[in-house]
Amino acid sequence: MDDSAVRLWIYRHFVEHGRAPSLDDIGNALHLTPADVTAALRRLAHDADALVLLPDSPYLWMAEPFSAVPTGYRVESGAQTWWGNCIWDALAILALVDADGRVEARCLQSATELLVSVVDGAPAPSDAIVHFLVPASDWWRSIGFT
């Protein structure tokens with residue numbers, strides 16, 4: 001099976017279920033052995049920079065813009081929730097699923113609660129400011145930090 005089919009299935013699972021699929025979920029859905037799933041995920045992570053695995057494991061950490069672990073960027077649309085890796089990714093989730101919703105976050109400097117609403121496909125007016133500590137060209141150097 002082509003790795004792009006594995007990647008697409010993973011993204012669809014994130015959209016539908018709000019969480020990362022397990023290795024068994026992927027294998028059962030795509031009729032792959034555990035070894036084939038692990039090999040595909042490693043290729044997608046290490047060769048294609050298409051996914052991020054938890055360090056020293058075959059388990060999903062990120063499928064940009066989705067996070068497989070809870071973060072400080074909770075995304076809601078209707079009854080569905082997801083986790084973004086940063087504010088940029090959180091807003092990208094709503095764009096990806098083509099839905100209005102809200103992002104709950106917290107200022108990393110002041111701990112102030114932040115709420116960003118997306119209405120009619122655009123962020124609602126807000127006084128919030130987004131600051132990117134690391135230039136975009138360097139994000140993949142340490143994706144878990146950025």
Evaluate side-chain contact (heavy atoms from CB on, under 4.5 Å) for W83 paired with V69, printing each intermediate quantity in order. CA-CA 7 Å; W83 297 101; V69 298; over 6 Å; no
Can you list the steps and then say if L41 with I26 is a side-chain contact (heavy atoms from CB on, under 4.5 Å)? CA-CA 10 Å; L41 293 178; I26 298 166; 4.3 Å; yes
If I take atom CG from residue L94 and atom OG from residue S117, how far apart are they, to the nearest 0.5 angstrom? 9.5 Å
Going from CG on L23 to CG on N28, what distance comes out if it is rounded to the nearest 0.5 angstrom? 10.5 Å
Minimum heavy-atom distance between L30 and A5, given as atom pair plus value: CD1-O, 4.5 Å
So, the side chain of E64 versus the backbone of A50: is there a donor-acceptor pair under 3.5 Å, distance only? no
Between atom CG of L53 and atom CG of L60, what is the distance when rounded to the nearest 0.5 Å? 6.0 Å
Would you mind telling me which of L51, T71, V52 makes a side chain to side chain contact (heavy atoms under 4.5 Å, CB included) with M62? V52
F66 and W82 aromatic ring geometry - parallel, tilted or perpendicular at 30°/60° bounds: tilted
Would you mind telling me which of E104, R74, R19 makes a side chain to side chain contact (heavy atoms under 4.5 Å, CB included) with T81? R74
To the nearest 0.5 Å, atom CD1 of I10 lies from atom CG of L44 at 6.5 Å
In this structure, are over 12 heavy atoms from other groups packed under 6.0 Å from R106 atom CZ? yes
Are the side chain of S77 and the backbone of D100 linked by a donor-acceptor contact shorter than 3.5 Å? yes
What I want to check is whether the side chains of S22 and D24 have a donor and an acceptor closer together than 3.5 Å. no
Could you tell me whether the side chain of S57 and the main chain of L54 form a donor-acceptor pair under 3.5 Å? yes
Distance, nearest 0.5 Å, that separates CG of D25 from CH2 of W9: 5.0 Å
So does R42 get a backbone contact from the side chain of D47, meaning a donor-acceptor N/O pair under 3.5 Å? no
Kindly determine whether V6 and L32 satisfy side-chain contact (heavy atoms from CB on, under 4.5 Å), including the steps that lead there. CA-CA 10 Å; V6 174; L32 298 173; 4.0 Å; yes
Distance, nearest 0.5 Å, that separates CZ of R43 from NE2 of H46: 11.5 Å
Would you please test I93 and V103 for side-chain contact (heavy atoms from CB on, under 4.5 Å) and show each step? CA-CA 10 Å; I93 289 170; V103 176; over 6 Å; no
Mind checking whether P55 and W61 have side chains closer than 4.5 Å, heavy atoms only? yes
Non-hydrogen atoms of N85 and S67 that approach each other most closely: OD1-CB, 3.1 Å
Minimum heavy-atom separation for Y11 and A63, please, with both atom names. OH-C, 3.3 Å
Tell me, yes or no, whether the heavy-atom count around Y59 atom OH, taken from other residues, nucleotides or ligands under 6.0 Å, exceeds 12. no
Heavy-atom pair of closest approach, residues A90 and Y73: CB-CB, 4.1 Å
